Amino acid sequence: MAPESEHPPEPRRTTDLDALKVFTHPLRIDLYRALFTGGAATASHLADEVDEAVSLVSYHLRKMAAHGFIVEAPGESKDARERWWRVECGHGAGWGKDWGDAAFNREYVPRLTATEFRQLSEEIRELIDSYRERGLAAEAAGDTEGREQVSVQIFGFPFRP
């Protein structure tokens, strides 16, 4: 199968050692995952979820924010004392509001059998293929306005919490 683009975009690499060290602490990994899967949360909410002191959770959140992995989510706050956080996925940066609003990152945790899991995988592949074909057909017809390459990465694997 031929590549879809002759000049794929360069991957974004983190080479700052201090930034890479952010995720050497297991609590930070747990906090990031909690924010990634649950959306925005306060240090208090997260402290309950990971069973740690609010002050410790707050410290680790600030470390993660210092390197841009998470950002404040002020729209979630109900009063000035609450400090909400969310994962900063960088989607849409420099692309404008339409692209930023279209970007997503989510984790879904359905309970499936191996057969259902295989079916899900096949259906996702078929869906992505249909969008790829739609885009190729549109470009072949000259419809290139506002059309960009989009990276969709999906990983599925069984796990036990």
Side-chain angles (χ1 to χ4, degrees), residues 1-24 28-42 45-46 49 61-78 82-161:
M1 185 160 140
E4 291 185 40
S5 172
E6 303 220 353
H7 304 289
E10 287 295 314
R12 180 178 163 200
R13 296 176 192 249
T14 301
T15 57
D16 177 12
L17 185 57
D18 289 333
L20 294 172
K21 287 180 182 178
V22 165
F23 288 108
T24 61
R28 291 180 189 158
I29 295 169
D30 290 345
L31 294 171
Y32 186 87
R33 184 177 182 104
L35 286 171
F36 184 82
T37 58
T42 65
H45 292 117
L46 292 167
E49 191 166 330
L61 290 171
R62 287 191 309 272
K63 287 292 188 184
M64 292 164 59
H67 293 285
F69 295 110
I70 64 171
V71 294
E72 285 191 57
E76 300 288 334
S77 182
K78 292 174 182 48
E82 286 185 328
R83 191 172 190 185
W84 286 75
W85 300 94
R86 65 174 173 79
V87 168
E88 171 62 341
C89 56
H91 296 142
W95 288 92
K97 182 169 175 29
D98 286 346
W99 284 101
D101 289 348
F104 64 91
N105 83 23
R106 298 282 185 271
E107 180 178 40
Y108 303 96
V109 188
R111 294 185 57 81
L112 306 173
T113 65
T115 300
E116 292 169 331
F117 191 30
R118 188 175 303 105
Q119 290 170 339
L120 174 63
S121 175
E122 290 169 6
E123 289 177 25
I124 290 171
R125 182 186 46 77
E126 289 170 3
L127 178 64
I128 298 298
D129 284 348
S130 75
Y131 274 88
R132 185 177 59 76
E133 292 300 322
R134 183 187 306 180
L136 291 172
E139 284 189 333
D143 178 10
T144 59
E145 183 70 29
R147 192 168 298 282
E148 298 287 349
Q149 221 170 255
V150 175
S151 175
V152 177
Q153 301 175 22
I154 300 173
F155 304 94
F157 52 88
F159 79 100
R160 292 184 179 116

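Predicted, not measured: the structure shown is a model, and the values here were computed from it.
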*Give a yes or no on whether the backbone of M64 and the side-chain of H67 come within a donor-acceptor separation of less than 3.5 Å.*
no

*Got a second to check how far D129's CG is from E122's CD, nearest 0.5 Å?*
12.0 Å

*Using side-chain hydrogen bond (donor to acceptor under 3.5 Å, both in side chains) as the criterion, list what pairs up with E72, not counting sequence neighbours.*
R83

*Distance in Å, K63 NZ paired with L31 CG, rounded so as to fall on 0.5 Å steps*: 14.5 Å

*Would you indicate whether the side-chain heavy atoms of L35 and L61 approach each other to under 4.5 Å?*
yes

*Evaluate the side chain to side chain contact (heavy atoms under 4.5 Å, CB included) criterion for residues V22 and F69: first the C-alpha distance (whole Å), next the side-chain angles of each, then the deciding distance (0.1 Å), finally the verdict.*
CA-CA 9 Å; V22 165; F69 295 110; 4.0 Å; yes

*Find the distance between CD (E116) and CD (E123) and round it off to the nearest 0.5 Å.*
10.5 Å

*Would you check if Y32 and V87 make a side-chain contact, meaning some heavy-atom pair closer than 4.5 Å?*
yes

*Quick one: closest heavy-atom pair of F117 and P158, and the distance?*
CE2-CD, 4.1 Å

_Tell me every residue that passes side chain to side chain contact (heavy atoms under 4.5 Å, CB included) with T115, counting only those two or more places apart in sequence or in another chain._
T113, R118, Q119

_Nearest-0.5 Å distance that lies between atom CZ in R134 and atom CD in E139_ = 13.5 Å

*Can you tell me how far the CH2 atom of W85 sits from the CG atom of L46, to the nearest 0.5 Å?*
10.5 Å

*asked:* If the condition is side chain to side chain contact (heavy atoms under 4.5 Å, CB included), which residues does A73 pass it with, not counting sequence neighbours?
replied: A40, E76, W84, R86

*For R147, salt bridge (Lys or Arg N to Asp or Glu O under 4.0 Å) partners two or more places apart*: D143

*asked:* I'd like to check the side chain to side chain contact (heavy atoms under 4.5 Å, CB included) partners of P110; sequence neighbours left out, ordered by chain and number.
replied: Y108, L112

_Residue list, salt bridge (Lys or Arg N to Asp or Glu O under 4.0 Å) with R33, at least two apart or on another chain_ = E107

